[in-house]
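For reference, the structure is listed below as structure tokens.
Quick note: residue numbers are just sequence positions, from 1. As the structure lists them, so they are numbered: ligands from 1, and atoms in each ligand from 1.
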Amino acid sequence: KILIIGACGQIGSELTYKLREIYGNQNVIASDINYNNLELVNSGTFEIIDAMDYASLKICCEKHNIDTIYLMAAILSATGEKYPMKAWDLNMQSLFHVLNLAKAKAVKKIFWPSSIAVFGPTTPKQDTPQRTVMEPTTVYGITKQVGERWCEYYHEKYDVDVRSLRYPGLISWKTLPGGGTTDYAVEIYHEALKTNSYECFLSEDTELPMMYMDDAIDATIKLMTANPEQVKIRSSYNLSGISFTPKQIANSIRKQLPEFKITYKPDFRQNIANSWPSSINDSNAREDWNWKHNFDLDNITNQMLSNLKSKRTD
Ligand code: VAH
């Protein structure tokens with residue numbers, strides 16, 4: 001059975017729904033630190049677990065006969081800069097607990113998300129390669145860089161089947177993101193429908209790698225169901241969808257809402273965004289386990305506006 005840690009979060013909730021669709025509701029156990037997302041909590045088996053508490057993780061895995069864990073709990077880039085040691089403790093302790101459960105053969109397979117945040121200001125910004133200079137300048141990015149090293153170490157030394165993706169900024173409508181720098185690309189659609197305007201915390205030409213959630217979930221399932229010998233990279237795979245700027249997403253919205261207005265008021269998150277690449281080369285993922293993305297910017301805008309509209313009327 002599958003356990004999702006951080007199931008109430010932006011990615012965790014979508015993974016829970018998708019995995020239940022594929023494997024059956026009773027075979028996917030959702031867990032989080034609180035009941036933050038009641039729709040998710042009431043959608044199937046749910047356990048309160050503190051991802052930093054090894055004993056409760058171990059007990060839950062035994063109780064539900066878990067063989068696969070998706071560790072989706074983390075403190076993201078913006079919040080991590082406000083609480084550096086909390087981000088370090090949560091992001092690292094939770095990873096060690098899950099890796100050690102696999103090392104002890106208590107579970108068989110692990111998914112752990114990395115991020116384009118592993119890259120820093122000295123990384124080549126365009127078409128960033130799988131292997132390159134990585135000097136992350138955020139605590140979150142440091143935890144992802146170090147986490148990747150530990151994943152590869154546990155695979156090489158203890159034969160742990162851990163698999164990882166460097167997610168770009170993710171855009172979804174089911175669950176709000178929490179504390180990321182790319183969250184503007186979600187907020188903008190909510191604001192467009194509410195007030196037909198948005199004050200963006202990044203400057204208009206800040207180009208970042210982005211992806212629609214359905215593509216990210218599709219990549220995650222593809223990676224996790226690939227044969228082990230196909231998974232040649234055990235740190236974390238680059239993953240690429242599209243890249244765009246706040247100006248470009250605003251133009252995409254205007255194709256449906258012609259009066260939409262955007263203003264710019266960069267805050268501390270501008271420095272974080274400036275340290276990240278603008279576009280990513282994911283040829284390894286495409287070669288190793290035939291990944292490809294489907295959603296371009298206008299498709300994403302269509303999906304976001306139509307789903308948020310119908311969600312508002314519910
Ligand atoms: C963040 N959404 O903004 C996350 C992600 C690439 C960005 O890691 O921190």
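With sequence neighbours excluded, no residue satisfies salt bridge (charged side-chain N to carboxylate O under 4.0 Å, His left out) with E156. Residues satisfying the side-chain contact (heavy atoms from CB on, under 4.5 Å) test with V146, not counting sequence neighbours, are W88, M92, I142, W150.
Taking the six-membered ring where the residue is Trp, F244 and Y184 present perpendicular rings, their angle passing 60° and hence far from 30°. Note: W291 and H293 have tilted aromatic rings, judged against thresholds of 30 and 60 degrees for the angle between ring planes.
Taking a heavy-atom cut-off of under 4.0 Å, ligand 1 is surrounded by L76, S77, S115, I116, Y140, Y167, P168, G169, G180, T181, T182, W276.
Pairs passing the salt bridge (Lys or Arg N to Asp or Glu O under 4.0 Å) check and including a residue from residues 32-52, sequence neighbours excluded, read E47-K63.
For K86, the NZ atom is loosely surrounded, since the number of other residues' heavy atoms within 6.0 Å does not exceed 12.
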